[in-house]
2 protein chains.
Amino acid sequence: MIRNRKHSNQLEKYVLTPQRQLILELIRKSCGPIDVKKLYQLTSKKDESVSLATIYRSLTLFKKVGLIDEHRLGKQGCCYELKQSLEHQHMLCKGCGKVSDFESPLITELIKAIQDKQGFTIEKVELCLQGTCKECQDSNKSVAEKELKNE
Amino acid sequence: MIRNRKHSNQLEKYVLTPQRQLILELIRKSCGPIDVKKLYQLTSKKDESVSLATIYRSLTLFKKVGLIDEHRLGKQGCCYELKQSLEHQHMLCKGCGKVSDFESPLITELIKAIQDKQGFTIEKVELCLQGTCKECQDSNKSVAEKELKNE
DNA sequence: ATTAATGCAAAGCCTTTGCACCGGA
DNA sequence: TCCGGTGCAAAGGCTTTGCATTAAT
């Protein structure tokens, strides 16, 4: 049972249905952020009948109660992961598409600086670095792919 | 005439058509990032016949030749602005939806730290802070809107 | 005459929603 | 019984694309 406090202090109840349990478990098990497509593939393996609508609705619920974070990494589509600190952010490799995590105390510093300077209260930080990971640099894979796309 | 160097060092030529000129001018004139919808409204005022497809194709071209940056700020949809430095980033107010810019040398520091630590070469930085701007804090506008949405 | 650019409409993704049905309290 | 959760299919919003037409060199 997941509980959430409404604005008028009434408790809202949510049932941890088998579908939700499965989805949440898959998010837990995935190393790093996972997208809806992948999530749908994985749920389908365990339970053919789970619909995309249920996945989207579950994700909305999990976000609402603060179990997970939603990130927009690529051009379109979001990915999801268990709630993390503000300092936990992402890097997207243009070569292989891999998403890696990193943390840095500099982010906290940055937030503090902005808040002080601009009077803006920051609740969420979405930082995505895009570039080339070490493996792709070594293998020059990303260069090869760029050339392919150009011609 | 916009020129761009192909990978084999041939020059690619692009014509600065009236439509592209208009679109680029509107991006220039807009203070801060502008989205496609707004861009379409504005172009339509000047030239009814400019199509959405042309706007999207022009934006793709401008991105390609490095004239503009594309940012994903809200849940869906992108916005565009003249190319900026890595240190130029955005804040989105949940209350009024306003997008403001900020710059901080800490971003450069952060990039440097990550590159050194992880061996990741960073080409693009997408940082979006979400929270409440000063005006909305003062007017408690965002709180009121949240309550509306809850009930 | 050749090639790029445009407008239009259709299609493509990702996501949300309406509705009928099901199942647990 | 009641009410939330689900699956299905349809609709929505944003973006891209195929095709015929137009414009420019």
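Quick note on labels: first sequence line is chain A, next is B, and so on, each numbered from 1.
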Please determine if a side-chain N or O atom of Ser51(B) lies less than 4.0 Å away from the OP1 or OP2 oxygen of dT6(C).
no

Roughly, in whole Å, what's the span from [atom1] in [X] to [atom2] in [N]?
{"X": "Gln19(B)", "N": "dT6(C)", "atom1": "CD", "atom2": "P", "result": "5 Å"}
{"X": "Gln41(B)", "N": "dC14(D)", "atom1": "CD", "atom2": "P", "result": "11 Å"}
{"X": "Lys64(A)", "N": "dG4(D)", "atom1": "NZ", "atom2": "P", "result": "11 Å"}
{"X": "Glu48(B)", "N": "dT6(C)", "atom1": "CD", "atom2": "P", "result": "17 Å"}
{"X": "Leu59(B)", "N": "dC14(D)", "atom1": "CG", "atom2": "C1'", "result": "13 Å"}
{"X": "Tyr56(B)", "N": "dC13(C)", "atom1": "OH", "atom2": "P", "result": "16 Å"}
{"X": "Ile55(A)", "N": "dT17(C)", "atom1": "CD1", "atom2": "C1'", "result": "17 Å"}
{"X": "Asp35(A)", "N": "dT15(C)", "atom1": "CG", "atom2": "C1'", "result": "14 Å"}

From the list [options], which nucleotide is the closest neighbour of the side chain of [X]?
{"X": "Val36(A)", "options": "dT15(C), dA9(D), dT15(D)", "value": "dT15(C)"}
{"X": "Lys37(B)", "options": "dG7(D), dC14(D), dA5(C)", "value": "dC14(D)"}
{"X": "Arg57(B)", "options": "dG5(D), dG7(D), dT17(D)", "value": "dT17(D)"}
{"X": "Thr17(B)", "options": "dA5(C), dG7(D), dT15(C)", "value": "dA5(C)"}
{"X": "Thr60(A)", "options": "dT16(C), dT6(D), dT17(C)", "value": "dT16(C)"}

Quick check: does any side chain N or O of [X] sit under 3.5 Å from a backbone N or O of [Y], one acting as donor and the other as acceptor?
{"X": "Glu48(B)", "Y": "Lys45(B)", "result": "no"}
{"X": "Gln89(A)", "Y": "Val125(A)", "result": "yes"}
{"X": "Gln115(B)", "Y": "Ile122(B)", "result": "yes"}

Could you check if a side-chain atom of Tyr80(A) sits within less than 4.5 angstrom of a side-chain atom of Leu26(A), using non-hydrogen atoms only?
no

Under a 4.5 Å side-chain heavy-atom rule over Ile, Leu, Val, Met, Phe, Trp and Tyr, are Ile55(A) and Val65(A) clustered together?
yes

